Structures are given as structure tokens and as C-alpha cells.
Amino acid sequence: MPVNNRDIAEQFSRLADLLEVEGANPFRVRAYRNVARTVDSHSRGMADMLAQGEDLSRLPGIGRDLAGKIRQIIDTGHLPLLDEVAQRTPPALSELMRIEGLGPRRMKALYEALDIRSLADLKQAIDAQQVRELAGFGAKTEAKLSRGIERLAGNVARTKLIHAEQIAIPLIAWLKGSKGVKAIEVAGSFRRRQETVGDLDILVTARRDADVMERFVRYDEVDEVVSQGKTRSTVRLRSGLQVDLRVVPEVAYGAALYYFTGSKDHNVAVRKLAQKKNLKINEYGIFKGDERVAGRTENEVFGSVGLPFIPPELRENRGEIEAASKGKLPELVELDDIRGDLHAHTHATDGHHGLEQMARAAQALGYEYLAISDHSRHVSVAHGLDRKRLEAQIAALDHLNDKLDGLVLLKSAEVDILEDGSLDLPDAVLKQLDLTVCAVHYKFDLSRTRQTERILRAMDNPYFNILAHPTGRLINERARYEIDLEQVMQAARGSGCFLELNAHPERLDLDDAHCKRAHEIGLKLAISTDAHSTSDLELMRYGIGQARRGWLQADDVLNTRSLNALKKLLRRN
DNA sequence: GCCGTTTTCGGCCCGACTGTTTTCAGTCG
């Protein structure tokens, strides 16, 4: 089975942890962490690239040595250097370092002085009050580690973007109640519209006498005040989400917003550019020597290093800086570009509303079209439509379309892709539809080869249009099924099919890296909400966020087209 | 370990806060 990028990244990141405990050259450790991130977020599989004879050392931060190590992992499944280091230093220390407040130096001290090599060892040492006796440790550090262990046990997954929004909105409103608060914005991965966020970074500018810090730690949902200072405080909310609040002066607001929006990799790369121009960028501004030359707005920050504004969603150091310097940044798709939704359900299957209600909701959003894509018969739990019921729905759609003004309901179905790659409804009924949205809903555990063949075979059906939620993953809940997406995307482009970017915040499937790959190979995507109710149609903005992270322009997106243009694209030859 | 209009060595982002210290190390972002 091919080694995927995540496995490769995992090995390098463990290696980095262990070497750090051993006190290795920190820059070497950083190089291993960098390669882990680069590989993990790359839009194409390393194994695939090698198979195509591509030179991995052309990727940023990957030189001859690391390219060789990646090849070792792909060829053998193992990284010999990691095995070697694991002989000397217990590999479990890498897990232990996920405890908050436990970094490499303390880990090393605990391992050497108390022979701590597992979570159980550490708990025992804490209970016996041995940890506080070590040089550089104390009772408070011991207690902090103890709390860290408890939280680890509670397995704090990253928070889905939609939940982070539900938490952020009332908190922002509360903070705005503080006198003297001027600008306020959530930065970090939230602003970059990442599918999940680790914490919230809130930035404010405020009058000197403002009480915003006090108000922040008094917020009703605060469970624990982790730290509190004049310019920065950190709390943990009852939901488990950590929130940082930073107060910055107005002259530095742009610099701070830029700095705390990240990503870290992006910031580091831009700061290197600044160094070449003898400038220093930090959260307080852009400095030439001791003189602040810019910092009030983000535009000033970019301008100072000779770059145009880079939208937050692109700031991942995945090529956006080079693109910006060449004037080749993509013109990212926006919510306003969307003219319709191509995947929605009604109460004929597992939706909550009827045709007319869904149509009114789509009209309210200003859409030109809405595809009704109820499940096909195989999805029996959703009371999937058989030929007879689908034909009845088609008749109902014709009738309703006659009455509707400005909106066309498209006849569609979410057709199951059966295990052998055939479609769940006969061609005779599929051909009466305007489009099909085809999906895998069972047998997720086929081998990669068989799953890929299943989908490719389905695409051979001339009525196949869009592959819905192409990997089947549910964020934090269900891993994607094994599938060779590169092959599927190439095949789709070759045969006039499309892939869906499912906008539902639990799915966001395709992910950002694969959206970018689609953009690179010229495969168009449909951004669809998979709405099961009228209000679900508003989830489109999460899909837009993901699409922007994947460099998609309006032209890359099927449903930015007028109805006529869309119909042309859906016609397969 | 990577990188290079500083090109094969010598850099590699930097500041806030905490706790354990008595001037600073460790961690985090």
C-alpha cells in the first residue's frame, strides 16, 4: 500500500521531538519539523511524485538529505534514523511532549533524573511530589503538568470552524461592551478560514484607560485564566477552547493583525524577505533600525516588502509569496460569485423541508438555480428514491418551475455509487435529469485500488456529472476512505466530470490541498452545501473559505456560471 | 538540515508571560 503524506509527516515530526529531547542542533530539528509540515500540506502525494520521476528536493525546505529520507520511508515504510534514535530515547516521549507546559528541556530533565518514559511514570512522579524537587521545577509547574495530563486525557481535538464562530461571536459582542475598545478582530487560523482552529486569537485596539482585559477574564464562559498581562491574556473557556486577547496600539494594528493571522510559516518567510531589505517586522510594526516605517494597516506591511496584499486564506507559505512577488496571485472566488447550489435534499428523503420551501430559500439568497439532489434508493435509511418516486419528483419540479420567478430548480439526484461502480438508478431515469451528483455511501473500507476503480468505473457512465464529498471524511470523526485522488481528478478532467467541494462544515471535502491541485490541473469543482434544510443553504460560506484556501478562482467553480453556461458544461461528449 | 545577488560557511524570527530565580530559562505562539 502506498505510503501517504500524513504517514511521512508523522515520522519526521516524531523524529524532531526525540532529537529535541536529546538536545540536537535546534535548526536541524526545525528542518525536520518543516519537512513534516510541507509534506503534510502538500497537494500531491510524495509517493506519486516519486513515481512520476519528480525531484522532491525542489520543494521548499527539502534538500538532498530529506528527499532521500522521504524515499526511504516510501520504499520501506520506515525511517532508519528514527528507528535508531528510538533505540536511545523512548519514542513515547514524543507523545508526552503534547502535554501543555512540557517541552523538550523539561522532558529531558524528567527522563534523565526520574527515568520518566510514559504517562503512567509521569503521573506517579507527580503524585509522589518528586517533580517539584527537580532543579528549575516547582510546585506550580508540577500542578500545571498535572492539569495538562487531565486535558490530554480529555483529548482536545481542534475545534471545527463553525463551532469556533459560534463561540467567537458572543465573546466579541461582550468585549465590545468595554469602554474604549475601537477595532476588534479574530486573527489566527480562524481568519485564515482553516477548517478547524486550535484556539482563538483576538486583537483589539483600545484607549489606554480601557478595561477590556478585566472584562475579558470576567467573561461568563471563562473556566480558567491561564495568564493575564497588560497586553496579552489567555483564558480557557468551558468549551475547552483557549482564547488569547491582545491589546495593541493603533499605529501597530496592521502589523499585529498580520503577525497574529499567521500562518507561522508564512510570517517567517515574509520576515526573511524583510531582512533582505534591512527591515525588521514584528507585531509592533515595520522598522528600519529603530524607526517605525509602517504598521497601521496590513497593506503597509505588505507594501514595505514590495508585495501586494495577500488574502489571509492564502497565507500558508504554499507558494503565495512567490506568486505575489510575480503579480500572479489568484483572484479568489467570493461568496457573491456563487449563482446557485448544486446539492440539496428535501423531505422526500432525509431533508427537512419541501421543494417549495427550498426554492424560496434559494431565491432569498439571490440564486439563479438550485439542484434538488435527493438520495437514490440504496440509501434506505434516508428513504432513498427509486425510479418511480424520482419520476414523480421530476414532474413536481416541472410544475413548480412554471410558477417560479427568477429561479430554476434543476432536476438532480444524489446517486449512490454501488460497490461494483455501477450507479444506483437506471440510465433511463438518469437521462431525464439535468445533472447527477454521485457518491459513495457504504463499503468505505475497500482497498485503495478497488475504491479508486469503483469511482473511475462510475465516471464511465455517461450520466455521471459530479462526484460528491469525494473522500467521505467527517472532520474529527471519520477518516477519509482510501482513494487515489490524483487519478480520480485526472480522470474527471479528461472525461468532462467534476468533483464537489462539499461546503458543509462537518465535511469540507475536498480539503484545501486537493482544491489547489484541482486548480493546478484545470479541473472545475462544484461548491455545494449538501443542504438538508433551508438554513443549510447558508453554509456556502464555509465552502468558499475552503475554496479560497485552495486558490480557487471564480472560473474554477462550476456554480459561478450562469444557468446556460452551466448546462453546457454539464453536457458530456 | 536547508539555503545562497552574503554562494559551500555561517546564519537560521522574536517577544510575552510564568515560575523559579536573583538575572533567566522554558514554553508558547
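Protein chains get the first letters and strands the later ones, always in sequence-line order, with residue 1 at the start of each. Please read all numbers here as calculations on a predicted model, not as lab measurements. The basis for the numbers below is simple: all heavy atoms, side chains too, and nothing from hydrogens, waters or symmetry mates.
- Here Ala16(A) pairs with Val29(A), Tyr32(A), Arg33(A) under the side chain to side chain contact (heavy atoms under 4.5 Å, CB included) rule; sequence neighbours left out.
- Put simply, CD1 on Ile281(A) is 11 Å from P on dC14(B), counting in whole angstrom units.
- Residues meeting the side chain to side chain donor-acceptor pair (under 3.5 Å) test with Arg315(A), sequence neighbours left out: Glu298(A).
- Each of Gln275(A) and Gly101(A) was assigned the nucleotide of DNA chain B with the nearest heavy atom; the assignment lying further toward the 5' end belongs to Gln275(A).
- Between Gln242(A) and dG29(B) there is a side-chain N or O to OP1 or OP2 distance below 4.0 Å.
- Partners of His519(A) by side chain to side chain donor-acceptor pair (under 3.5 Å), not counting sequence neighbours, listed by chain and number: Asp556(A).
- Judged as a side chain to side chain donor-acceptor pair (under 3.5 Å), and not counting sequence neighbours, the contacts of Arg517(A) are Glu486(A), Glu520(A).
- Listed in residue order, the members of residues 310-328 of chain A having a heavy atom less than 4.0 Å from DNA chain B come to none.
- For DNA chain B, no neighbouring residue in residues 82-90 of chain A is found when judged by any heavy atom under 4.0 Å.
- Remark: Lys69(A) is in phosphate contact with dG1(B), judged by side-chain N or O atoms under 4.0 Å from OP1 or OP2.
- Computed from coordinates, the Arg98(A) CZ to dC28(B) C1' distance equals 17 Å when rounded to whole Å.
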N/O contacts under 3.5 Å, protein versus nucleotides 3-7 of chain B?
residue : atom : partner  : partner atom : Å
dC3(B)  : OP1  : Gly61(A) : N            : 2.9

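- Taking atom CZ of Phe260(A) as the reference point, atom P of dC14(B) lies 15 Å away to the nearest angstrom.
- No donor-acceptor contact under 3.5 angstrom links the side chains of Ser94(A) and Arg14(A), judged on distance only.
- Separating the P atom of dC28(B) from that of dT20(B) is a span of 15 Å, rounded to the nearest Å.
- In the set dG1(B), dT27(B), dC14(B), the nucleotide with an atom closest to the side chain of Tyr32(A) is dG1(B).
- Between the side chains of Arg480(A) and Thr471(A), no donor N or O sits under 3.5 Å from an acceptor N or O.
- One C1' atom belongs to dG11(B), the other to dA16(B), and the distance between them is 25 Å to the nearest Å.
- Applying the side chain to side chain donor-acceptor pair (under 3.5 Å) test to Glu112(A) and every residue at least two apart in sequence or in another chain returns Lys108(A).
- Closest to the side chain of Leu66(A), out of dG1(B), dT27(B), dG29(B), is dG1(B).
- Taking the P atom of each, dT21(B) and dT27(B) are spaced 15 Å apart, rounded to whole Å.
- The stretch residues 17-30 of chain A comes close to DNA chain B through Asn25(A), Phe27(A), Arg28(A), Arg30(A), each having a heavy atom under 4.0 Å from the strand.
- The number of heavy atoms from other shown groups lying within 6.0 Å of CZ (Arg64(A)) does not exceed 12.
- Atom NZ in Lys272(A) sits roughly 14 Å away from atom C1' in dG10(B) (whole-Å rounding).
- If you check every strand for non-hydrogen atoms under 4.0 Å, Phe12(A) touches nothing.
- Under the ring pair (Phe, Tyr, Trp, His ring centres under 6.0 Å) criterion, His469(A) pairs with His441(A), sequence neighbours left out.
- Look at dT8(B): it lacks any Watson-Crick or wobble partner with both distances under 3.5 angstrom.
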Practice problem: Would you mind building the protein contact string for nucleotides 16-25 of chain B? One character per nucleotide, 5' to 3', B for base within reach (heavy atoms under 4.0 Å), S for sugar-phosphate only, - for untouched. | Solution: BSSSSS----
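- Using P as the reference atom, dT5(B) and dG1(B) are 23 Å apart when rounded to the nearest Å.
- Atom-to-atom, CG of Asp201(A) to C1' of dC28(B) comes out at 11 Å; the value is rounded to the nearest Å.
- Heavy-atom neighbours of Arg238(A) CZ from other residues, nucleotides or ligands within 6.0 Å: above the threshold of 12.
- Between Arg98(A) and Glu95(A), at least one side-chain nitrogen of the basic residue sits less than 4.0 Å from a carboxylate oxygen of the acidic one, meeting the salt-bridge criterion.
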What side-chain donor-acceptor pairs closer than 3.5 Å can you find for residues 120-128 of chain A, not counting sequence neighbours?
residue   : atom : partner   : partner atom : Å
Asp121(A) : OD1  : Ser118(A) : OG           : 3.4
Asp121(A) : OD2  : Arg117(A) : N            : 3.0
Asp121(A) : OD2  : Ser118(A) : N            : 3.4
Asp121(A) : OD2  : Ser118(A) : OG           : 3.4

